[in-house]
Asks: 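Can you keep this structure in mind? I'll have questions shortly.
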Amino acid sequence: MGDKTNSGHITVLSFGPLAEKLGRNLTITLTAPTTCSQIITRLGISDWLNNGLKVALNGEMTDSDASVSPGDELALLPPVSGG
């Protein structure tokens, strides 16, 4: 899960339409303490927060106000639609 040796960086995993927009894996540099929602805003996808986006931090579902630390893995999970 989170590799704490990557000081200053986190890995962002994107799925579904977000993977098409952002790419499947991103590495982001943290310059200050931050939350999942601040990273989502930084990525330009804050509109997804009101449209069912779920987040997982190091493999555990969490809310968007959770703190992110260097070495963490943040997964962005858009709502699933089926037909």
Side-chain angles (χ1 to χ4, degrees):
M1 300 290 145
D3 179 4
K4 301 299 181 186
T5 61
N6 285 342
S7 66
H9 297 89
I10 66 161
T11 300
V12 178
L13 304 177
S14 301
F15 298 91
L18 291 178
E20 294 172 19
K21 178 179 175 113
L22 302 172
R24 177 87 166 93
N25 287 317
L26 295 171
T27 300
I28 294 181
T29 302
L30 298 181
T31 57
T34 191
T35 65
C36 297
S37 62
Q38 289 171 320
I39 291 170
I40 291 165
T41 298
R42 179 175 165 184
L43 293 172
I45 57 168
S46 57
D47 54 321
W48 281 88
L49 286 171
N50 296 323
N51 291 317
L53 181 69
K54 302 290 184 196
V55 295
L57 193 57
N58 300 321
E60 299 285 331
M61 296 302 289
T62 190
D63 64 42
S64 62
D65 292 327
S67 296
V68 179
S69 300
D72 283 349
E73 178 185 85
L74 174 64
L76 304 175
L77 309 162
V80 177
S81 62

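What you see below is based on every heavy atom in this structure, not just the backbone, and it leaves out hydrogens, waters and symmetry mates.
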Asks: So, N25 side chain and L13 main chain: donor-acceptor pair closer than 3.5 Å or not?
Replies: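 Such a contact is absent between N25 side chain and L13 backbone.
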Asks: For A56, check side-chain contact (heavy atoms from CB on, under 4.5 Å) against everything at least two apart and list the hits.
Replies: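 For A56, the residues satisfying side-chain contact (heavy atoms from CB on, under 4.5 Å) (neighbours in sequence not counted) are M61, A75, L77.
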Asks: Working to the nearest 0.5 angstrom, can you tell me the gap between K54 NZ and D63 CG?
Replies: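 Going from the NZ atom of K54 to the CG atom of D63 covers 10.0 Å.
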Asks: Establish whether I10 and F15 are linked, either directly or via other cluster members, by ILVMFWY side-chain heavy-atom contacts under 4.5 Å.
Replies: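 Per the 4.5 Å side-chain linkage, I10 and F15 are not co-clustered.
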Asks: So among V55, L76, L18, which one has a side-chain contact (heavy atoms from CB on, under 4.5 Å) with W48?
Replies: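 That would be L18.
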Asks: In a table with atom names and distances, give each donor-acceptor pair under 3.5 Å that connects a side chain of residues 32-47 to protein atoms at least two apart or in another chain.
Replies:
from	atom 1	to	atom 2	distance (Å)
T34	OG1	Q38	OE1	2.9
T35	OG1	S37	OG	3.2
T35	OG1	Q38	N	3.2
T35	OG1	Q38	OE1	3.4
S37	OG	S64	O	3.4
Q38	OE1	T35	N	2.8
T41	OG1	S37	O	3.0
R42	NH1	T29	O	2.9
R42	NH2	T29	O	3.2

Asks: Rounded to the nearest 0.5 Å, what's the gap from OG on S69 to CG on L74? Could you check?
Replies: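 Between atom OG of S69 and atom CG of L74 there are 12.0 Å.
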Asks: Between P70 and L30, which heavy-atom pair has the shortest distance, and what is it?
Replies: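 For P70 versus L30, the nearest heavy atoms are N-CD1, 3.8 Å.
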Asks: Taking all non-hydrogen atoms of both residues, which atom of A19 and which atom of S14 are closest, and how far apart?
Replies: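 What the structure gives for the nearest pair is CB-O, 3.4 Å.
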